[in-house]
**Student:** 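Provided herewith is a single structure, encoded as structure tokens, for subsequent inquiry.
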Amino acid sequence: MNTEEIMALDKEYVMQTYGRQPLALKKGNGSKVWDVEGNSYIDCLAGIAVNNVGHAHPKVAEAICNQARELIHTSNLYYTQQQVEFAKLLVDSSPHDLAFFCNSGAEAVEGAIKLARKFTGKGEIIVMNNSFHGRTMTALAATGQKKYQKGFGPLAPGFKHVPYGDLDAIKKSISEETAAVLVEAVQGEGGVVLPPEGYLKNLKELCGEEGILLIFDEVQTGMGRTGEMFASQTFNVIPDIAALAKGIAGGFPMGAILASKEVGGAFQPGDHAATFGGGPLACAAGKASLNVILDENLLSKTKTNGSYFKSKLEQLKDDYDIIKQVRGVGLMLGIEMGLNCADMVNDMRERGVLVNCTADKVLRFLPPLVIEKEQINVVISALNQVLKKYSD
Ligand SMILES: *Cc1c(COP(=O)(O)O)cnc(C)c1O
């Protein structure tokens, strides 16, 4: 099928929930993808921070194939070696002690909220304006952007929204009923917004003083994206609970909740579950993918290439007034433009680079962590041409 035929069938048979680009992808390798017409692209989105080890990594593909031939699903009524091995590897690579496995980011966030409520015996969660936590009903209620919520009320109660970066606002919102503060260490969908200096550290201290839990939504920032395995390590602030998904299993759908022994121990048999959660196939993919991050030194590569990429974006900012700000850490980068950047995404694609536009004005770069310096140079050169076009 060609692109047009695929788009026609999508229109006929698939609920039209997505504003898709007119592009049908067929295969990928590392940081490159090919469409069904045979055109190639440098992928600076990585399936939205999912394909951290690159597309079709042979180690991940092999692990999935081998596991699929042996055992795909068991339910959690039984043990599997794959689940305990991946739990150990994930916990050992993190500042946390215990894992629970689920299947998506929204599910991980909801599980984190349930765990915080079970541990504290309280209901209220303080969340941030401009945040994004997923599309299921409770994750949607936690999300701090009206555009995602419109038309889907009534929203789940129990969330108090405050401005991101404002510690005083959190202080004022804490009550007898507060269980936790839920925050993205770096706001992703909100436009790659970094925490103000000292904010997360002070927040952790405040939570300690008030006896409430700190939850990081690391669904986008986790698995090496910011240059450490987790953003909590990049900012040197360890939350009580972390929600993970996106990059956790090399593109295979999976989510997880990580917590300290004390907090994670609040979940007792029967408290929480997911039929597919931590199945042998997902865990085999997760283990292979995490081992690639470690074996290929992708954390230090992300730091080096992320700084290089960011410095190149900053050079472009000097040349083009339409760039208002360059933001980000590791390979989670964004440039805020003085105009809506939706059309620039098309211009970039026509020049062989996939990016997206988030929060209307932020052109976002989330490449696979395996991206090479030469590929970054190609991206910068395409971006230079596009910025020139929009500056005329
Ligand atoms: C993508 C994302 C989610 C939702 O993940 P899904 O797998 O789409 O449910 C939640 N939180 C953050 C920070 C995200 O970036």
Side-chain angles (χ1 to χ4, degrees), residues 15 17-20 45-52 100-116 125 127-145 147-149 152 156 159 161 164-165 180-195 200 214-226 229-232 234-235 239 241-258 274 276-278 282 285-286 289 327-334 355-359 362 364-367:
M15 290 188 199
T17 60
Y18 297 105
R20 294 187 211 267
L45 254 192
I48 320 185
V50 168
N51 302 103
N52 288 13
F100 172 89
F101 294 110
C102 54
N103 309 286
S104 71
E107 205 185 334
V109 168
E110 298 221 355
I113 290 168
K114 281 180 74 176
L115 180 58
I125 313 284
V127 288
M128 305 300 139
N129 292 341
N130 196 46
S131 61
F132 182 82
H133 298 295
R135 308 292 196 127
T136 56
M137 288 311 301
T138 294
L140 191 65
T143 290
Q145 299 188 59
K147 68 176 176 187
Y148 296 115
Q149 300 168 334
F152 298 112
F159 296 95
H161 287 86
Y164 176 73
V181 175
L182 166 63
V183 63
E184 294 160 89
V186 180
Q187 290 191 326
E189 302 308 299
V192 193
V193 185
L194 288 172
L200 296 175
L214 179 60
I215 308 171
F216 278 3
D217 180 343
E218 290 238 30
V219 169
Q220 190 162 145
T221 53
M223 311 320 292
R225 181 56 51 191
T226 64
M229 195 60 81
F230 298 101
S232 59
T234 294
F235 295 102
I241 306 174
L244 313 180
K246 295 204 161 102
I248 193 172
F252 198 88
M254 186 179 220
I257 311 165
L258 295 179
F276 290 120
S289 174
R327 297 195 289 260
V329 56
L331 284 166
M332 183 173 184
L333 300 168
V355 291
N356 91 329
C357 170
T358 190
V362 180
R364 181 170 53 163
F365 303 86
L366 301 165

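What's counted below: heavy atoms across the whole structure, side chains too, no hydrogens, waters or symmetry copies. Start at 1 and go down the list; that is how both ligands and their atoms are numbered.
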**Student:** Run down the list K246, E218, Q220 and name the one with the heavy atom closest to atom 2 (C) of ligand 1.
**Tutor:** K246
**Student:** Considering non-hydrogen atoms of the protein only, which is the closest contact for atom 6 (P) of ligand 1, and what is the distance?
**Tutor:** G105 N, 3.5 Å
**Student:** Just jot down the ligand 1 atoms closer than 4.0 angstrom to any heavy atom of H133, in number order.
**Tutor:**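 Near H133, the atoms of ligand 1 are 10 (C), 11 (N).
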**Student:** Within the distance-only criterion (no hydrogens, no angle test), does the side chain of S131 pair as donor or acceptor with the backbone N or O of G144 below 3.5 angstrom?
**Tutor:**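 Looks like yes, one N/O pair under 3.5 Å.
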**Student:** Indicate yes or no: does an N/O atom of D217 lie under 3.5 Å from an N/O atom of ligand 1?
**Tutor:** yes
**Student:** Examine A245 against ligand 1 and note whether any of their N/O atoms are separated by less than 3.5 Å.
**Tutor:**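 Looking only at distances, the answer is no, because the N/O contact criterion of under 3.5 Å is not met.
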**Student:** Which ligand 1 atoms, with their elements, are less than 4.0 angstrom from a heavy-atom of A106?
**Tutor:** 4 (C), 5 (O), 6 (P), 9 (O)
**Student:** With no hydrogens and no angle check, is any side-chain donor or acceptor of N130 less than 3.5 Å from a backbone partner on Q187?
**Tutor:** no
**Student:** Please check if the side chain of R327 supplies one atom and the backbone of V192 the other of a donor-acceptor pair under 3.5 Å.
**Tutor:** yes
**Student:** Under 4.0 Å from any heavy atom of G134, which atoms of ligand 1 are there?
**Tutor:** 4 (C), 10 (C)
**Student:** Checking the side chain of E189 only, and the main-chain atoms of T358 only, is there a donor and an acceptor separated by less than 3.5 Å?
**Tutor:** no
**Student:** Give a yes or no on whether the backbone of A185 and the side-chain of E218 come within a donor-acceptor separation of less than 3.5 Å.
**Tutor:** no
**Student:** Which of the numbered atoms in ligand 1 are under 4.0 angstrom from any heavy atom belonging to S104?
**Tutor:**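 Counting from 1, the qualifying ligand atoms are 7 (O), 9 (O).
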**Student:** Counting N and O atoms only, with roles assigned by atom type, does the side chain of Q220 sit under 3.5 Å from a partner on the main chain of A49, one being a donor and the other an acceptor?
**Tutor:**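 No, Q220 side chain to A49 backbone: no donor-acceptor pair under 3.5 Å.
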**Student:** My question is simple, although I want it checked carefully: is atom 8 (O) of ligand 1 less than 4.0 angstrom from any protein heavy atom?
**Tutor:**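 Given the 4.0 Å limit, the answer for atom 8 (O) of ligand 1 is no, no protein heavy atom qualifies.
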**Student:** Hey, is ligand 1 close enough to V219 that some N/O pair sits below 3.5 Å?
**Tutor:**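 No, V219 has no N/O under 3.5 Å of an N/O on ligand 1.
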**Student:** Using 0.5 Å steps for rounding, measure from the CG atom of L366 to the NZ atom of K246.
**Tutor:**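 The NZ atom of K246 is 9.0 Å from CG of L366, to the nearest 0.5 Å.
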**Student:** Take atom OH of Y148 as the centre, draw a 6.0 Å sphere, and report whether it contains more than 12 heavy atoms from other residues, nucleotides or ligands.
**Tutor:** yes
**Student:** Looking at E184, which atoms of ligand 1 are within less than 4.0 Å of one of its heavy atoms?
**Tutor:** 13 (C)
